[in-house]
*Asks:* 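Please read through the structure below; I'll follow up with questions.
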Amino acid sequence: MNNHPKFADIILPLPLAGVFTYSIPGELQTELAIGKRVVVPLGSKKMYTGIVQSLHSNAPDDYQTKDILSCLDHFPIINHIQLKFWDWISQYYQAVLGDVYKAAVPSGLKLESQTKITLNEAFMAEKALSKSEDQILDILGNSKDVSIASLNQATGLKNTLPQIKSLLEKGAVFVEEQISSNYKEKKQEYVCLHSDFSEEQIGDILDGLKRAKKQQELLYSYLNLSKHYFEDIPEKVSSNDLLQASNCSRAILKSLVEKNILKFYFEKLDRLDLSETPLRGLKQLNQHQEKAIHEIRENFEEQNCVLLHGVTSSGKTEIYIHLIEEQIKQGNQVLYLLPEIALTTQIINRLKSVFGNKVGVYHSKFNDAERVEIYNNVLENKSDKAYQVILGVRSSVFLPFSKLGLIIVDEEHENTYKQFDPSPRYHARDAALYLANLHGAKTLLGTATPAVESYYNAQTGKYGLVELFKRHQEIEMPEIIVADIKEARRKKMMKSIFSPELMAHMTESLENKEQIILFQNRRGYAPYLECKSCGWVPHCPNCSVSLTYHRHNNLLVCHYCGHGMAPPNNCDHCRSTGMEDRGFGTEKIEEELLSYFPEARVGRMDLDTTRKKNAYEKLIYKFEKQELDILVGTQMVSKGLDFDHVGLVGILNADSMLNYPDFRAYERSFQMMAQVSGRAGRKKKRGKVLIQTYTPDHEIIKNVVKNDYFEMYSSQLSERKEYIYPPFYRLINISLKHKNQRLVNEAANYLAQSLRKIFGIRVFGPQSPVINRIQNSFIVNILLKIEKKSSPAKAKWILNQQANFLKEIEKFKSIQIHFDVDPM
DNA sequence: GTGGTGTTCTAA
DNA sequence: TAGAACACCACA
């Protein structure tokens with residue numbers, strides 16, 4: 001007997017509660033360790049890559065364990081801090097561990113299982129085989145191993161499993177579960193001289209190529225590019241570069257290789273750009289920044305988290321850079337969180353110019369191979385080529401940091417930090433605070449318009465607070481003009497969606513060669529189509545929303561489930577042919593602009609135009625280089641972008657944000673308008689912001705005009721207190737889902753009632769959300785508001801218990817229930 | 001019976 | 001989550 005652990009608890013990438021216990025075969029006993037990946041069988045044929053969560057020797061008594069098949073790692077790929085972090089996420093946000101694992105690890109590290117079948121060459125049939133069995137053997141005879149999926153395809157049968165099973169029993173074939181990795185290193189092909197020719201020899205070779213002019217040329221280009229006889233170590237020449245420089249085809253290069261004059265070699269290529277950028281040192285901070293950074297340092301002595309409230313263009317990034325520099329010097333890692341990929345473009349350049357290849361970027365537009373590379377880089381944390389600074393979106397909190405010193409959460413008020421679908425529904429800002437805690441690191445939240453919750457935490461001393469109200473480089477705060485579109489409509493002075501004020505300012509800006517940003521929070525062409533005679537509006541067949549018309553592909557699209565259909569020629573109701581588009585999406589605004597300002601160069605930035613990997617960068621680059629005069633966009637344009645030549649910002653419809661039925665609608669409208677306004681302004685001239693609204697007297701609009709964050713904050717705070725909302729209460733949304741509307745309502749009523757018996761008036765609802773049907777399932781919500789000081793863990797425990805009670809009732813057992821902790 | 005389809009259960 | 005098991009129905 002040895003005292004190696006006999007069993008391992010494994011986290012599987014499935015939405016299942018808990019871990020699964022497997023037995024450890026002898027040969028793996030010394031190899032296994034917590035945090036390593038293992039391959040385990042589940043069910044009759046599936047295999048998964050799981051993570052070892054713990055090792056022990058307690059045999060489970062109610063089931064037979066299966067063996068772990070293999071261990072994939074020499075070193076753990078998940079460290080202890082991460083496992084603790086996963087636990088916290090799973091507890092706090094009520095997600096199963098498997099979901100956390102799926103979210104945390106790039107899928108290239110979670111290998112895929114594929115069953116492969118091989119022919120048994122020695123097999124002799126005793127009895128006649130069936131037709132399809134023969135067919136399968138034929139196919140296997142031709143190729144070495146074939147997956148079941150491709151067998152199905154080749155035979156034209158829907159499912160070859162029964163045949164394979166019978167062939168297996170007869171001993172005709174073998175099944176081999178093969179784990180294949182999706183991740184392949186990218187290799188670059190290089191060219192060099194076949195052997196160390198002396199200068200004389202190379203002269204002879206060139207002479208010998210007299211009759212092959214192209215080959216001679218190519219060799220000359222190679223010698224030029226590599227500087228072979230000029231430098232001690234010749235430069236690396238990739239085949240691509242060589243072919244381009246010499247303007248030759250690959251065939252010519254190949255013939256030189258065949259003549260043993262040149263040869264190919266390969267090198268692993270880091271997908272991530274590690275090229276040295278010229279380092280530009282730190283910029284000198286101005287006195288206000290200097291004061292702020294001093295205060296931040298002071299606050300960090302006592303506090304783990306500091307909120308930096310600095311107006312737009314106050315130079316927060318420069319402060320971050322100075323703080324990052326300090327951490328790097330101490331050999332610590334830094335995580336710099338941004339709300340979305342969009343923002344990385346501008347900031348990455350600034351960070352790279354200071355920290356060069358110590359900066360890594362992590363976001364969802366990277367393909368999986370790139371993500372694996374970053375993950376491994378952070379994991380290995382090799383002193384010479386490690387990314388010490390990671391710039392990333394919310395999922396970067398899951399990277400395998402070992403020595404975090406500082407987390408910066410930029411634009412901390414952004415709601416894109418909250419993940420909604422799929423689970424885990426975590427908030428990256430709040431998760432970052434916990435993560436920092438685990439590492440003993442500090443957290444800096446930065447924004448021009450703090451979330452009410454964060455500012456409250458700062459006011460009550462939970463966070464340190466540092467404020468910075470001076471814009472750098474003498475940029476003045478913009479002038480904000482409110483245009484009353486109700487009045488303009490009445491007087492029939494609107495030009496489509498543009499008020500006379502906006503038209504006038506746009507004309508002026510274009511004449512002055514100043515750029516314009518127009519903001520409309522609605523993508524597509526028209527929010528909906530409407531029948532002129534009866535008012536019928538086409539709706540999504542799966543969800544309870546109207547379909548948005550997209551002109552460029554002439555489709556009606558559902559923005560919830562992605563359902564698309566051709567717009568109907570006739571009204572479904574009255575059969576009349578008068579379908580008309582209503583409202584304005586970014587696409588239509590772009591079109592209207594061109595009719596009013598035919599010379600203007602207009603660009604559009606929304607989900608539809610930035611789907612491709614570099615589309616966003618290209619748009620921003622074009623706008624920066626003033627190749628565009630007007631940029632129309634959704635909220636994407638509001639987020640922390642800095643342009644130097646924007647004279648005018650137009651908010652086309654402020655009311656759509658204000659009227660949104662959510663307790664955060666006012667706060668968010670203020671943040672949005674204040675952020676968009678921040679884009680206006682140039683070095684020497686005061687920028688203008690024009691807000692179009694039906695309600696010019698609205699308090700939030702007034703707050704925006706006065707740029708008065710505090711008034712917005714205090715009025716919101718008292719409202720939150722009165723109507724029991726965060727930051728005074730913690731919210732948990734319980735969402736019930738089912739295809740049958742009657743049933744889901746009944747279940748929700750039942751659950752709400754039983755919750756009321758425990759939580760009393762803290763239970764709200766059940767309530768149907770505005771969009772109460774998504775992908776054919778009806779949704780009902782129950783909202784639980786619990787006091788900040790009471791234990792959230794206990795409340796969640798009771799919630800789970802009650803949800804389980806509900807599921808025990810026969811008719812309710814197919815109801816789907818999920819929790820959203822701190823919903824947005 | 002049998003084949004097709006939809007629903008529920010279970011995995012270690 | 002995916003597959004296996006089951007339940008149900010229509011049809012011969």
Side-chain angles (χ1 to χ4, degrees), chain A residues 5-25 28-29 32 34 36-71 90 94-105 107 109-117 132 147-149 151-152 156-166 168-169 175 177 179-180 182 421-425 542 737-740 743-744 747 775-778 803-804 806-818:
Chain A
K6 301 272 181 306
F7 299 98
D9 287 350
I10 308 295
I11 305 168
L12 291 175
L14 294 172
L16 300 171
V19 287
F20 279 50
T21 305
Y22 287 85
S23 37
I24 306 170
L28 289 181
Q29 279 181 350
L32 276 198
I34 291 172
K36 285 189 182 181
R37 288 174 303 158
V38 289
V39 179
V40 291
L42 184 76
S44 55
K45 57 159 65 74
K46 273 259 133 191
M47 295 202 303
Y48 291 95
T49 310
I51 302 287
V52 180
Q53 190 215 35
S54 61
L55 298 165
H56 58 84
S57 291
N58 316 319
D61 44 15
D62 48 350
Y63 55 86
Q64 190 67 45
T65 54
K66 285 186 184 169
D67 269 359
I68 290 173
L69 297 175
S70 64
C71 177
S90 133
Q94 294 290 291
V96 297
L97 214 44
D99 279 339
V100 182
Y101 166 35
K102 277 209 286 191
V105 177
S107 45
L109 292 172
K110 294 170 285 191
L111 306 165
E112 225 173 52
S113 103
Q114 247 184 334
T115 315
K116 296 243 173 148
I117 316 291
S132 42
S147 73
I148 294 183
L151 263 183
N152 289 344
L157 295 168
K158 259 195 188 155
N159 186 7
T160 49
L161 263 184
Q163 286 86 349
I164 292 166
K165 252 188 193 156
S166 103
L168 257 178
E169 282 157 14
V175 169
E177 273 284 351
I179 295 268
S180 64
N182 290 328
D421 224 21
S423 168
R425 300 181 173 80
N542 311 319
K737 226 165 138 184
H738 198 267
K739 289 210 171 87
N740 181 336
L743 194 71
V744 75
Q775 300 197 30
N776 281 324
S777 281
F778 288 91
N804 288 335
L806 180 85
K807 289 250 195 177
E808 277 168 23
I809 299 168
E810 186 61 29
K811 60 178 172 180
F812 292 146
K813 66 183 172 194
S814 60
I815 301 255
Q816 293 174 56
I817 303 176
H818 71 236

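Lettering follows sequence order; numbering is per chain, from 1.
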*Asks:* Contact class for A/Pro60 vs. all strands (heavy atom < 4.0 Å): base, sugar-phosphate, or nothing?
*Replies:*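 Result for A/Pro60 = nothing.
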
*Asks:* How long is the line joining NZ of A/Lys813 and P of B/dT7, in whole Å?
*Replies:*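 In whole Å, B/dT7 P lies 13 Å from A/Lys813 NZ.
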
*Asks:* Give the minimum heavy-atom separation between A/Pro5 and A/Ile24, together with the two atoms involved.
*Replies:*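 In terms of heavy atoms, the two residues are closest at O-CD1, 3.5 Å.
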
*Asks:* Using whole Å, what does the distance between atom P of nucleotide B/dT7 and atom CD of A/Gln816 come to?
*Replies:*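 Checked: the CD to P distance equals 12 Å.
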
*Asks:* Could you tell me whether A/Leu12 contacts a base, only the sugar-phosphate backbone, or nothing, with contacts defined as non-hydrogen atoms closer than 4.0 Å?
*Replies:*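 Nothing: the residue A/Leu12, judged by heavy atoms under 4.0 Å, touches no strand.
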
*Asks:* What is the separation between atom CG on A/Asn58 and atom C1' on B/dA12, rounded to the nearest whole Å?
*Replies:*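 Distance check: A/Asn58 CG to B/dA12 C1' gives 15 Å.
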
*Asks:* Show the nearest heavy-atom pair for residues A/Leu32 and A/Val38, with the distance to one decimal.
*Replies:*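 Heavy-atom minimum between the residues: CD2-CG1, 3.5 Å.
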
*Asks:* Please give, in whole Å, the distance from B/dC9 C1' to A/Leu42 CG?
*Replies:*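 To the nearest whole Å, that distance equals 13 Å.
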
*Asks:* Over how many whole Å does the gap from A/Phe812 atom CZ to B/dT8 atom C1' extend?
*Replies:*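 Taking atom C1' of B/dT8 as the reference, CZ of A/Phe812 is at 18 Å.
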
*Asks:* By the 4.0 Å heavy-atom rule, please label A/Tyr63 as base, sugar-phosphate, or nothing.
*Replies:*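 Base: the residue A/Tyr63, judged by heavy atoms under 4.0 Å, touches a nucleobase.
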
*Asks:* Testing the basics here: between A/Val39 and A/Met47, what is the closest heavy-atom pair and its distance to 0.1 Å?
*Replies:*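 Smallest heavy-atom distance, with atoms named: CG1-SD, 4.1 Å.
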
*Asks:* If we ignore hydrogens and angles and just use 3.5 Å, is the side chain of A/Ser23 paired with the main-chain N or O of A/Lys66 as donor and acceptor?
*Replies:*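 Side chain of A/Ser23 to backbone of A/Lys66, a donor-acceptor pair under 3.5 Å: yes, one is there.
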
*Asks:* What is the distance, to the nearest angstrom, from the CG atom on A/Asp61 to the P atom on B/dA12?
*Replies:*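 For the pair A/Asp61 CG and B/dA12 P, the rounded distance is 16 Å.
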
*Asks:* What nucleotide, of B/dA12, C/dT1, B/dT8, holds the atom closest to the side chain of A/Tyr22?
*Replies:*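 Ranking B/dA12, C/dT1, B/dT8 by closest atom to the A/Tyr22 side chain puts B/dA12 first.
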
*Asks:* For A/Lys66 and B/dA11, give me the distance from atom NZ to atom P, rounded to whole Å.
*Replies:*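 About 9 Å, once rounded to whole Å.
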
*Asks:* Measure CD/A/Glu808 against C1'/B/dC9 and give the value in whole Å, please.
*Replies:*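 Atom-to-atom, A/Glu808 to B/dC9, this comes out as 16 Å.
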
